[in-house]
Amino acid sequence: MKESAGYKFLNIKINQFAFFDPDLERDDNELQVKNSYSYGIEPENGLFTCILTCIFSYQEKIIMKIETQATYQLNEPSMKSFVKGGEFIMPIEVVKHFTSMLYGATRGILVCKLEGTKFASMILPPVNLGKTINKPLVLTLD
């Protein structure tokens with residue numbers, strides 16, 4: 001199976017950005033961040049979408065959420081190499097590549113969004129996606 005992908009970056013967008021309690025006073029040492037990732041494919045036009053959702057909470061209360069989305073267009077040879085029967089199977093290293101690009105962009109977006117606020121010190125910490133993404137991405141094609 002192909003361990004790389006030919007692609008073109010199409011766009012990145014912010015699907016959601018919200019403060020649920022912008023006046024909250026907090027201790028910096030107690031902030032939790034939970035990330036989740038989701039993916040989509042449109043095989044007929046080679047579009048691959050990666051979505052990252054980050055939820056910041058303090059004492060189990062959600063205080064901020066950001067969701068970003070990146071869309072890539074896979075070239076035809078890459079798309080063909082990932083489609084097996086009725087499934088789209090993307091190797092681990094390729095999934096990590098696309099996800100890490102979106103994660104890094106989201107870190108930058110968050111810095112810009114929080115600049116000049118009392119939450120400017122809230123950063124999205126670096127992550128080791130090798131611990132999170134440890135199997136190929138398998139999507140069922142309709």
Review point. Going hydrophobic residue to hydrophobic residue with side-chain gaps under 4.5 angstrom, can you get from I12 over to L10?
Key: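 Different clusters.
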Check your understanding: Out of curiosity, does L102 fall in the hydrophobic cluster containing V33 (side-chain heavy atoms, cut-off under 4.5 Å, transitive links)?
Key ->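 In one cluster: yes.
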Report the distance from atom [atom1] of [X] to atom [atom2] of [Y], rounding to the nearest 0.5 Å.
X	Y	atom1	atom2	result
I55	Q32	CD1	CD	12.0 Å
I66	L52	CD1	CG	8.0 Å
K8	L47	NZ	CG	10.0 Å
T53	N35	OG1	CG	9.0 Å
I14	I109	CD1	CD1	4.5 Å
Q69	Q16	CD	CD	11.5 Å

Point to revise | Under 3.5 Å: donor-acceptor pair, side chain of Q73, backbone of N45 | key: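 Yes.
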Check your understanding: Is it true that a side-chain atom of T71 and a backbone atom of N11 form a donor plus acceptor pair closer than 3.5 Å?
Key -> no
State, yes or no, whether a side-chain contact exists between [X] and [Y] at a heavy-atom distance under 4.5 Å.
X	Y	answer
Y37	L129	yes
V127	T132	no
L139	F82	no
V94	F48	no
Y39	M90	no
I41	V83	no
F98	L137	no
E76	M79	no

Identify the heavy atoms of [X] and [Y] that sit nearest to each other, and give their distance.
X	Y	answer
S57	L31	O-CD1, 3.3 Å
G85	L141	O-CD1, 4.4 Å
R107	P126	NH2-CD, 3.6 Å
K135	I92	C-CG1, 3.3 Å
E93	K96	OE2-NZ, 3.0 Å
T99	V95	OG1-O, 2.8 Å

Review point. Any chance the side chains of Y72 and H97 put a donor and an acceptor closer than 3.5 Å?
Key: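 Checked: Y72/H97 side chains show no N/O donor-acceptor pair below 3.5 Å.
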Review point. Quick one: which of F119, F17, F20, Y58 gives a side-chain contact (heavy atoms from CB on, under 4.5 Å) with M64?
Key: F17
